[in-house]
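Some notes on the structure that comes next.
To find a chain, count down the sequence lines: A is the first, B the second, and so on, and within it residues start at 1.
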There are 2 protein chains.
Amino acid sequence: MNEKRKYKTKSHAPEPTLKRLPGYLYFLEQVKEEGVLNISAPTIGKELDLDPTQVVKDLAVTGVKGKPRVGYNTYELIHALEDFLGFNKVNEAFLVGAGNLGSALMAYQEHQSLGLKILAAFDVDEAKIGQTIGGIHILEYNKLFHLSGRLNVKIGILTTPNHVAQEVAEDLVNCGIKAIWNFTSAKINLPKEIIVQNTSMSSYAAVLLRRLNDASL
Amino acid sequence: MNEKRKYKTKSHAPEPTLKRLPGYLYFLEQVKEEGVLNISAPTIGKELDLDPTQVVKDLAVTGVKGKPRVGYNTYELIHALEDFLGFNKVNEAFLVGAGNLGSALMAYQEHQSLGLKILAAFDVDEAKIGQTIGGIHILEYNKLFHLSGRLNVKIGILTTPNHVAQEVAEDLVNCGIKAIWNFTSAKINLPKEIIVQNTSMSSYAAVLLRRLNDASL
DNA sequence: TTACAATAAAGAAAATTTTCTTTAAATAAT
DNA sequence: ATTATTTAAAGAAAATTTTCTTTATTGTAA
Ligand SMILES: NC(=O)c1ccc[n+]([C@@H]2O[C@H](COP(=O)([O-])OP(=O)(O)OC[C@H]3O[C@@H](n4cnc5c(N)ncnc54)[C@H](O)[C@@H]3O)[C@@H](O)[C@H]2O)c1
Ligand SMILES: NC(=O)c1ccc[n+]([C@@H]2O[C@H](COP(=O)([O-])OP(=O)(O)OC[C@H]3O[C@@H](n4cnc5c(N)ncnc54)[C@H](O)[C@@H]3O)[C@@H](O)[C@H]2O)c1
């Protein structure tokens with residue numbers, strides 16, 4: 001591997017920073033559309049409700065330098081962010097469980113801007129096998145083992161029911177998958193070198209409901 | 001309002017704790033099924049990869065006390081968590097934008113366990129209006145203003161395209177919505193008393209891709 | 001040029017969250 | 001009963017993240 005990067009990026013970025021970066025990227029793409037060539041950290045902070053020094057620190061991880069009195073070069077910053085996040089590469093993925101959520105993810109066109117490319121989806125439901133959603137074919141689950149041999153896919157998107165999540169995850173790992181984007185509520189246990197990214201919507205529900213409840217006291 | 005709570009809960013719980021609580025709840029429901037009447041913090045921690053003292057501190061926000069040598073009462077803990085998170089109430093919501101993601105959320109049955117009840121969905125697409133997904137009717141967007149007058153719905157789920165998110169959010173606020181669960185990438189600006197819960201999937205993509213990239217260096 | 005204002009960068013401080021330590025309580029075994 | 005062991009609770013320490021300060025740089029305008 002050992003890819004060359006255009007900017008001197010931070011080797012390790014804090015997770016809260018990482019989570020904010022796509023927000024900057026989305027905002028910057030909008031202002032670029034409006035023809036803004038340079039933008040300052042305080043301006044970004046005002047729009048996104050963030051402390052200006054926080055913005056400076058966050059953007060520093062990309063290695064891009066801003067100029068005092070001018071700000072950052074919009075175009076340069078966008079590219080550095082995409083580069084840093086890996087959004088400008090093609091990150092190939094398999095999806096398992098083409099149900100409600102799986103279908104939505106397959107149909108989601110903006111994945112391209114994340115550099116995410118779902119090559120194929122797999123399901124056990126006969127009714128779904130053979131269908132195409134968002135240009136992605138739904139294949140028989142067993143085909144996963146054949147296909148993964150030929151392709152070198154590193155990312156698995158897990159949108160099966162909770163109770164099969166563990167076994168499907170293990171299958172994915174046996175197929176050479178290195179990172180699993182887990183949308184199920186199940187806690188999946190895998191060898192520690194496998195990256196498991198849990199994306200629990202109920203966490204957000206918890207925060208929302210609690211804040212709503214706190215507010216109405 | 002002023003509901004009585006069975007346990008002396010912490011008035012303010014840290015957000016990381018709040019986000020972990022649904023995970024405990026899901027796990028506890030599983031072990032309850034298996035007939036486990038009591039469970040200790042170290043056991044929970046081992047299963048969920050969390051520090052045992054972290055578990056104790058997290059669960060302490062619910063006000064439930066565990067007994068040394070025995071652990072927590074599974075049943076009591078589940079109920080305290082549901083109570084604390086507001087999952088055992090009926091939290092009524094409107095959904096706007098019955099597209100890919102909106103449809104998935106409408107079809108999602110587990111929302112019940114979060115106490116979330118989507119009363120109706122609204123869309124501008126003629127083709128979608130009149131349809132029913134997961135027992136939820138898709139109504140003409142303008143009906144939102146009529147319906148909200150009669151019902152006292154506090155939560156709005158926002159799954160429209162990004163470019164209309166701001167205006168739809170403002171409409172929701174004008175209809176009396178107090179909290180918005182925002183699934184779009186757009187940053188929406190509303191009066192500060194309105195709770196906006198952003199749920200950005202690209203944040204997770206960012207963390208996943210970066211971790212994957214870091215790993216392969 | 002020269003002073004002035006805006007801003008990024010770097011470092012310090014504060015706040016928050018997690019982990020570690022100690023203490024006390026409750027059960028089980030002797 | 002008594003002792004030993006497990007465990008929750010409470011507090012202290014460490015780590016992390018955010019916010020605040022200071023400094024230095026750059027461009028603008030007098
Ligand atoms: N629908 C939502 O909006 C939503 C929201 C948050 C989380 N989730 C989570 O996402 C997961 C999927 O939810 P859903 O609503 O899409 O469920 P779903 O039932 O619609 O979809 C699950 C799909 O997985 C397939 N499947 C079942 N067993 C399989 C196996 N062994 N191998 C491969 N495929 C298999 C099913 O045929 C089905 O198509 C669940 O864990 C759920 O908790 C869903
Ligand atoms: N699909 C996914 O998996 C996914 C994942 C992450 C985030 N998102 C975000 O969720 C949002 C929706 O994505 P999607 O894929 O479901 O898009 P979509 O186009 O399938 O759905 C959007 C729906 O909103 C409706 N709509 C448009 N304008 C409206 C208005 N003014 N009022 C009411 N309804 C209106 C459309 O008719 C459509 O039915 C986007 O912001 C997207 O970024 C989607």
| Under 3.5 Å, is there a donor-acceptor pair between the side chain of B/Asn182 and the main chain of B/Ala186? |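 Present.
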
| task | Please identify each residue that fulfils salt bridge (charged side-chain N to carboxylate O under 4.0 Å, His left out) with B/Arg211, with sequence neighbours left out. | result |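 Partners of B/Arg211 by the salt bridge (charged side-chain N to carboxylate O under 4.0 Å, His left out) criterion come out as none, since no residue qualifies.
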
| In chain order, what residues pass the side-chain hydrogen bond (donor to acceptor under 3.5 Å, both in side chains) check against A/Ser103, with sequence neighbours excluded? | none

| All pairs passing ring-ring contact (aromatic ring centres under 6.0 Å, His included) where residues 96-117 of chain B contributes a residue, at least two apart |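 Passing the test, one end in residues 96-117 of chain B: B/Tyr108-B/His111.
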
| query | Applying ring-ring contact (aromatic ring centres under 6.0 Å, His included), which residue pairs with at least one partner in residues 178-198 of chain B are found, sequence neighbours left out? | reply |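 Applying ring-ring contact (aromatic ring centres under 6.0 Å, His included) to every pair that reaches into residues 178-198 of chain B, excluding sequence neighbours, yields B/Trp181-B/Phe183.
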
| said: With side chain to side chain donor-acceptor pair (under 3.5 Å) as the rule and sequence neighbours excluded, what pairs involving residues 22-37 of chain B come up? | reply: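 Those involving residues 22-37 of chain B are B/Tyr24-B/Asp58.
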
| Counting only non-hydrogen atoms, which of residues 30-47 of chain B are less than 4.0 Å from DNA chain D? |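 The answer is B/Ser40, B/Ala41, B/Pro42.
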
| Spacing of B/Leu77 atom CG relative to D/dA8 atom P, expressed in whole Å |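 Going from CG in B/Leu77 over to P in D/dA8 covers 11 Å.
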
| task | Check whether any side-chain nitrogen or oxygen of A/Tyr72 sits under 4.0 Å from OP1 or OP2 of D/dT26, and answer yes or no. | result | no

| query | If the sugar-phosphate is the primed atoms plus P, OP1 and OP2 and the base is the rest, what is the B/S/- string for nucleotides 18-30 of chain C, using protein heavy atoms under 4.0 Å? | reply | SBBB---BSB---

All N/O donor-acceptor pairs, side-chain side in residues 39-49 of chain A, below 3.5 Å, sequence neighbours left out:
from    : atom 1 : to       : atom 2 : distance (Å)
A/Ser40 : OG     : A/Thr43  : N      : 3.3
A/Ser40 : OG     : A/Thr43  : OG1    : 2.7
A/Asp49 : OD2    : B/Lys187 : NZ     : 3.3

Which atom pairs, donor and acceptor, lie under 3.5 Å between side-chain atoms of residues 160-168 of chain A and protein residues at least two apart or in another chain?
from     : atom 1 : to       : atom 2 : distance (Å)
A/Asn162 : OD1    : A/Ser185 : N      : 2.8
A/Asn162 : ND2    : B/Glu110 : OE1    : 3.3
A/Asn162 : ND2    : B/Glu110 : OE2    : 3.2
A/Gln166 : OE1    : A/Asn189 : N      : 2.9
A/Gln166 : NE2    : A/Glu170 : OE2    : 2.6
A/Gln166 : NE2    : A/Asn189 : O      : 2.9

